[in-house]
Chemist: 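Below is the structure I would like to discuss, written out as structure tokens.
All chains are named by letter (A, B, ...) in the order of the sequence lines, taking the proteins before the strands, and each is independently numbered beginning at 1.
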Number of protein chains: 2
Amino acid sequence: MKPGSCHTECQQVLHLAERLCEGRGARLTPQRRQVLEILCASPKPLGAYDILDLLKQGVPAAKPPTVYRALEFLLQQGLVHRIESLNAYVGCIHPDHPHASQFLICRDCGEVRELESRSVERTLGSALRACGFKADSRVVEVTGRCLRCSEQGTP
Amino acid sequence: MKPGSCHTECQQVLHLAERLCEGRGARLTPQRRQVLEILCASPKPLGAYDILDLLKQGVPAAKPPTVYRALEFLLQQGLVHRIESLNAYVGCIHPDHPHASQFLICRDCGEVRELESRSVERTLGSALRACGFKADSRVVEVTGRCLRCSEQGTP
DNA sequence: AAGTGTTATGTTATCACATAACATAAGTAA
DNA sequence: TTACTTATGTTATGTGATAACATAACACTT
């Protein structure tokens, strides 16, 4: 899978996104769709201004608010995630079921992977219950080296 | 404990910080100490420019790099933490033993509390081992309502 | 089809967070 | 003292995000 060329997966995610939005009465407009497309086509998280540069190819008049508005919508719909420790955004790989996102961020290859560990989710959930904290959103982001990178190369 | 008046705790943390730095051969210079003091005196996380404003009372010539350099040092020494989802900083309440920080952020009162759950730490650790990811740093940040705020007030 | 409220987009400016790059000063050790 | 390292001063700029207000597109009622 070469970067930027995962057309099969992208198309699937986009179709799913369309169906989900339609079912919810949410409007996946061309701009929003293009931003989602950009994120899905990227193997790595993109900053808002990276997205802006790419979006300008299709929407020359795009400006920062254009991107941030699209991102706001896509985040609400659970179609993309924000990586807090990178100030960057990734397309969600399985937007059909809502999930507390957990990310593994490789400092070498830059790839970001969703962990989606039910046990982490459960443990954190019970720790929160135990201290009476009502969670709105949970951020779990681990930075380090992925398996592939630690098998190759130097420490 | 009124905000900004926890002098007893602050003094303790500052003395501990001095001892720790001395033991490590690290220089807790007046500026660095003042930044730590500012963070310890605040019940809520502070942004770098909030710190800057407060620091200027003691160091009128302070500028952004002044603050960021002090923060870099204090982060390295484990004396402060950075809250990724707020782009803000808090003083560490127990800098003597290194720990994977877990934060509870109340969206109502703004207070940030360290959770420090060993079970969350363990569960996350084994999930990471299971997929071969070598973690450098772990970010666990939960936003929601603290017990106090959810007992009071509206939903 | 015309009118009306709502949602989306265009546009300008600015705020907020962070660091690069280079100069000077203060500590440290020979 | 000299030479070296570490810390600080200073200017400018890079990067991420939003406020505020104007216009356009849509969707629903009559």
Chemist: Let me have DNA chain C in dot-bracket notation, would you? Count Watson-Crick plus G-U wobble pairs, both distances under 3.5 Å, and use [ ] for pairs crossing earlier ones and | for inter-strand partners.
Modeler: ||||||||||||||||||||||||||||||
Chemist: Atom CG in B:L28, atom CD in B:Q34: separation rounded to 0.5 Å?
Modeler: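 Spacing of CG (B:L28) from CD (B:Q34) equals 10.5 Å.
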Chemist: At a heavy-atom distance below 4.0 Å, what parts of residues 55-63 of chain B sit against DNA chain D?
Modeler: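 Going residue by residue through residues 55-63 of chain B, the ones with a heavy atom under 4.0 Å of DNA chain D turn out to be B:A61, B:K63.
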Chemist: What integer distance in Å separates B:Y49:OH from C:dC15:C1'?
Modeler: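 My rounded result for the distance is 11 Å.
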Chemist: How long is the span from the CG atom in A:L46 to the CG atom in A:N87, to the nearest 0.5 Å?
Modeler: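 Output value for this atom pair is 13.5 Å.
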Chemist: First locate atom CD1 of B:I105, then atom CD1 of B:I83, and finally report the distance between them rounded to the nearest 0.5 Å.
Modeler: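 Between atom CD1 of B:I105 and atom CD1 of B:I83 there are 5.5 Å.
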Chemist: Under a 4.0 Å N-O cut-off, is there an ion pair linking A:E141 with B:R138?
Modeler: no
Chemist: Among pairs that include at least one residue of residues 75-96 of chain B, which meet ring pair (Phe, Tyr, Trp, His ring centres under 6.0 Å), considering only residues two or more places apart or in two chains?
Modeler: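 Listed by first then second residue: B:H81-B:H99, B:H81-B:F103, B:H94-B:H97, B:H94-B:H99.
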Chemist: Can you tell me how far NE2 of A:H15 sits from CG of A:L20, rounded to the nearest 0.5 angstrom?
Modeler: 13.0 Å
Chemist: Applying side chain to side chain donor-acceptor pair (under 3.5 Å), can you list everything that pairs with B:T123, at least two apart in sequence or on another chain?
Modeler: A:T123
Chemist: I need the full list of salt bridge (charged side-chain N to carboxylate O under 4.0 Å, His left out) pairs touching residues 48-59 of chain A, with sequence neighbours left out, sorted by first then second residue.
Modeler: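 Listed by first then second residue: nothing to list.
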Chemist: If you assign A:Y89 and B:R32 each to the DNA chain D nucleotide with the nearest heavy atom, which residue ends up on the more 5' nucleotide?
Modeler: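 This one resolves to B:R32.
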Chemist: Which nucleotide of DNA chain D is the first, and which the last, in the 5' to 3' direction, to come under 4.0 Å of a heavy atom belonging to chain A?
Modeler: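 Listing 5' to 3', DNA chain D meets chain A from D:dG16 to D:dC26.
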Chemist: Would B:R107 and B:R145 count as a side-chain contact (heavy atoms from CB on, under 4.5 Å) here? Give the steps.
Modeler: CA-CA 6 Å; B:R107 62 172 159 84; B:R145 294 184 95 197; 3.2 Å; yes
Chemist: Determine which pairs satisfy salt bridge (charged side-chain N to carboxylate O under 4.0 Å, His left out) with at least one residue from residues 78-89 of chain B, sequence neighbours left out, and list them in order.
Modeler: B:R82-B:E84
Chemist: What ring pair (Phe, Tyr, Trp, His ring centres under 6.0 Å) pairs are there with at least one residue in residues 21-42 of chain A, not counting sequence neighbours?
Modeler: none
Chemist: For A:E22, does the CD atom have more than 12 heavy-atom neighbours from other residues, nucleotides or ligands under 6.0 Å away?
Modeler: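 No, CD of A:E22 has 12 or fewer neighbouring heavy atoms, counting only those of other groups under 6.0 Å.
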Chemist: Anything under 3.5 Å between a donor and an acceptor, one on a side chain of residues 57-72 of chain A, the other on a protein residue two or more places apart or in another chain? List them.
Modeler:
from  : atom 1 : to    : atom 2 : distance (Å)
A:K63 : NZ     : A:A61 : O      : 3.2
A:T66 : OG1    : A:K63 : N      : 2.9
A:T66 : OG1    : A:K63 : O      : 2.9

Chemist: So if I take residues 65-72 of chain B and measure heavy-atom distances to DNA chain C, which residues fall below 4.0 Å?
Modeler: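 Residues of residues 65-72 of chain B under 4.0 Å from DNA chain C: B:P65, B:Y68, B:R69.
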Chemist: Rounded to the Å, how far apart are B:L86 CG and C:dA18 P?
Modeler: 11 Å
Chemist: Sequence neighbours left out, what pairs pass ring pair (Phe, Tyr, Trp, His ring centres under 6.0 Å) with at least one residue falling in residues 28-58 of chain B?
Modeler: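 Listed once each, the pairs would be none.
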Chemist: Yes or no on side-chain contact (heavy atoms from CB on, under 4.5 Å) for A:C92 and A:V80, after CA distance, side-chain angles and deciding distance?
Modeler: CA-CA 5 Å; A:C92 178; A:V80 311; 5.8 Å; no
Chemist: Between residues 19-31 of chain A and DNA chain D, which residues have a heavy-atom gap below 4.0 Å?
Modeler: A:R27
Chemist: For B:D53 and C:dC15, give me the distance from atom CG to atom P, rounded to whole Å.
Modeler: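 Going from CG in B:D53 over to P in C:dC15 covers 14 Å.
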